[in-house]
Amino acid sequence: MTTIQRAKGMQDVLPDDRRYWDLIINQATELARLYGFQRIDLPILEYTELYERGVGNASDFFVQKEMYTLEESEDVTLTMRPEFTAGFMRAYIQNGMSSWPQPVKLYTIGPAFRRERQQAGRYRQHSQFNCEILGETDPAADVEVMMLAMNLYRALGYKGLTFQLNSTGCPTCKPAYVEKLTAYLEKHLDKLADIDKERIQRNPLRVLDSKEPGMDALLADAPHIVDHLCDDCETHFADLRGLLDGLDQSYSINFRLVRGIDYYTKTVFEVWAEGIGAQAAVCGGGRYDGLAEDIGGPATPGVGFGSGIERIVLGMQEAGIEPPAPEQPTVLVAHFGGATKEAAVLLTFQLRAAGIGTRLAFARDRRSMKSQMREANKHAIQTVLILGDSELEQQSVVVRPLDGGEQQLIKLNDVVAFLK
RNA sequence: GCGGGUGUAGCGUAGUGGUUAACGCGUCUGGUUGUGGCCCAGAAGACCGUGGGUUCAAAUCCCACCACUCGCCCCA
């Protein structure tokens, strides 16, 4: 019989890796609090339609190949969330958050699921930290989520961080731009790889982030969207840049930064860090003023970002960032079985009740003191309490420090006070 | 869906045709009666990814499959 393996694309987060998660989540939670975001938890399963709508031309690919979908009944399917933004917007609309004080600033941390081939930092189940500001068009809102993201990576010790910034326009100006871009690319078909010729048909914007050689020169002369924005988008982008400049926060305008989905409008940004395989982006975000209507709600602006925890962990490990080990008990209770075991168990729980982290040595019948001392050493125990027959007779316990100090006999009744 | 790399104990590796598959780390036990780290000794732990083929003989050569991994596609 073959032993059962972890399912493809899934990860075990072992205790030694978990310390990275704790650090990231604590830091993210603290920043969210500082910036005035409130925690929300959304269901992992949503009606498939939530994710089908709005993704436009990419819909077929996502729905058929990338989503985990379960049949709920004959004509209802549920999908494990492949992203968070749509769920945020659905919750905002459904819970009447438009009647809350505006805007509504929310964050969440949890798993998302995409059925794709594994790569470095890309798994079928991954966890995300997401921050969103709903109900606000002010570019200052864009700056808030951008800076929250940037400051998270700074606080975690990342080096070589950059903002990649672009605007993706809006329904007023984007279609005309896409036409101009397409026209330019079609003039240079002979210089394009097959894959990029296909992309012109499927999603012309995607040619901009093509990895084919020689594209730098060709795209440098292509029309750039920031030169073709409508007045509204142009003003928004200029104001955003002004605010970042005012904060002395540098950024690179990256005309090749695109979003393939129709509901994205105006601001698009990523934070890049060194390392992490083919993916430089440690987070991605932007504005999605078109999403609410796509899912059947009233027009509601939104801006936010999502960041994959696994990818952050990977980056920290590559950068040699070492989170502290989680706190473990510093006291171990050793004994010799029989009546001493009963007393040891009692003592252990008394210590714990007093708030002293305590590890109990297990010994089904007999176990050598050496073995128990070795156990203490392996778990970085500072004090071993030895409870044998002679100690029990005296209602006492030997307190043995492991840092080289002298051991002494202490009355059982006085142990808690002695250790504190 | 396409392509590259890798599969030998829990982990990291050696072994590239010939007895019971080796080493390091880790785990467990012991080194007199009840005391850790260092050291020493011992033990457990591997159908050498799976299936087929070649051969007197396969971890080793050949084929297929699978898994893992990196990249492409895609990336909400």
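These numbers come from a predicted model, not from an experiment. Below, chain A is the first sequence line, B the second, and so on; all start at residue 1.
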Distance, P atom - from B:G53 to B:G17, rounded to whole angstrom: 23 Å
B:C48 versus B:C23 - spacing of their C1' atoms, nearest Å: 16 Å
N/O donor-acceptor pair under 3.5 Å between A:D12 side chain and A:L14 backbone: no
Sugar-phosphate only, base, or nothing, as touched by A:Q118 at under 4.0 Å among non-hydrogen atoms: base
Given B:C72, B:G34, B:G36, the nucleotide with the shortest approach to the side chain of A:N377: B:G36
A:R81 CZ to B:A76 C1', straight-line distance once rounded to whole Å: 14 Å
C1' gap between B:C68 and B:U50, integer Å: 14 Å
Value in whole Å for how far the P atom of B:C75 lies from CG of A:L257: 13 Å
First encountered from the 5' end of RNA chain B, between A:Y264 and A:R400: A:R400
Rounded interatomic separation in angstrom, taking CD1 from A:I195 and C1' from B:G71: 14 Å
Separation of B:C72 C1' from A:R199 CZ (nearest whole Å): 10 Å
Spacing of the P atoms in B:U60 and B:G18 (rounded, Å): 11 Å
Phosphate contact (B:C72 OP1 or OP2) by A:K211 side-chain N/O below 4.0 Å: yes
Given B:U35, B:C75, B:A76, the nucleotide with the shortest approach to the side chain of A:K370: B:U35
Contact nearer the 5' end of RNA chain B, comparing A:P82 with A:M10: A:M10
Sugar-phosphate, base or nothing in reach of A:Q382, heavy atoms under 4.0 Å: nothing
Ring geometry between A:F255 and A:H224 (parallel below 30°, tilted from 30 to 60°, perpendicular above 60°): parallel
Under-3.5 Å donor-acceptor pair between A:Q5 side chain and B:G49 base: no
Length of the line joining A:F305:CZ and B:A76:C1', which is rounded to integer Å: 16 Å
Spacing of A:K341 atom NZ relative to B:G34 atom P, expressed in whole Å: 17 Å
Minimum-distance nucleotide to A:R374 side chain [options: B:G37, B:C73, B:G71]: B:G37
Separation between the P atoms of B:G30 and B:G36, rounded to whole Å: 12 Å
Per A:K8 side chain, nearest of listed nucleotides B:C73, B:C68, B:A76: B:C68
Check: A:E136 side chain, A:D138 main-chain N or O, donor-acceptor pair, under 3.5 Å: yes
Partners meeting side-chain hydrogen bond (donor to acceptor under 3.5 Å, both in side chains) with A:E322 (sequence neighbours left out): A:R19
Span that lies between the C1' atom of B:G49 and that of B:U55, in whole angstrom: 23 Å
Euclidean distance for C1', B:C56 against B:A9 (whole angstrom): 31 Å
Residue A:R367, side-chain atoms from C-beta onward, closest of B:C73, B:G36, B:U29: B:U29
A:S368 side-chain N/O to B:G30 phosphate OP1/OP2 under 4.0 Å: yes
Sugar-phosphate only, base, or nothing, as touched by A:I381 at under 4.0 Å among non-hydrogen atoms: nothing
Phosphate contact (B:C28 OP1 or OP2) by A:S371 side-chain N/O below 4.0 Å: no
Between B:G36 (C1') and A:I386 (CD1): distance, integer Å: 10 Å
Phosphate OP1/OP2 of B:C74: any A:R202 side-chain N/O under 4.0 Å: yes
Nucleotide nearest A:R114 (side chain, heavy atoms from C-beta), chosen from B:G71, B:G34, B:A76: B:A76
Options B:C70, B:U35, B:U69, nucleotide nearest the side-chain atoms of A:M373: B:U35
Side-chain ion pair, A:E406 and A:R400, N-O less than 4.0 Å: no
Touch class at under 4.0 angstrom, heavy-atom based, for A:Q407 against every strand present: base
d(CZ, A:R124; C1', B:A76) in whole Å: 17 Å
Any N/O donor-acceptor pair, A:R122 side-chain to B:C74 base, under 3.5 Å: yes
Donor-acceptor pair, side chain of A:Q102 and main chain of A:M97, under 3.5 angstrom: yes
Gap in Å between the two P atoms, one belonging to B:U20 and one to B:U8, rounded: 22 Å
N/O donor-acceptor pair under 3.5 Å between A:R90 side chain and A:E46 backbone: no
N or O in side chain of A:Q119 less than 4.0 angstrom from B:C70 OP1/OP2: no
Side-chain donor-acceptor pair present, A:D196, A:S210, cut-off under 3.5 Å: yes
Nearest listed nucleotide, side chain of A:Q11, among B:G36, B:A76, B:U69: B:U69
Sugar-phosphate only, base, or nothing, as touched by A:R115 at under 4.0 Å among non-hydrogen atoms: nothing
A:R117 side-chain proximity, nearest of B:A76, B:U69, B:C73: B:U69
Touch class at under 4.0 angstrom, heavy-atom based, for A:F84 against every strand present: nothing
Range-with-range stems for RNA chain B, at least three Watson-Crick or G-U pairs under 3.5 Å: B:1-7 with B:66-72, B:10-13 with B:22-25, B:27-31 with B:39-43, B:49-53 with B:61-65
Test item: A:Q118 and A:R122 side chains (from C-beta on) under 4.5 Å apart, heavy atoms: no
Nearest listed nucleotide, side chain of A:F336, among B:G34, B:G36, B:A76: B:G34
Within-4.5 Å side-chain heavy-atom neighbours: A:T85 and A:E132: yes
4.5 Å side-chain heavy-atom contact, A:L332 and A:T358: no
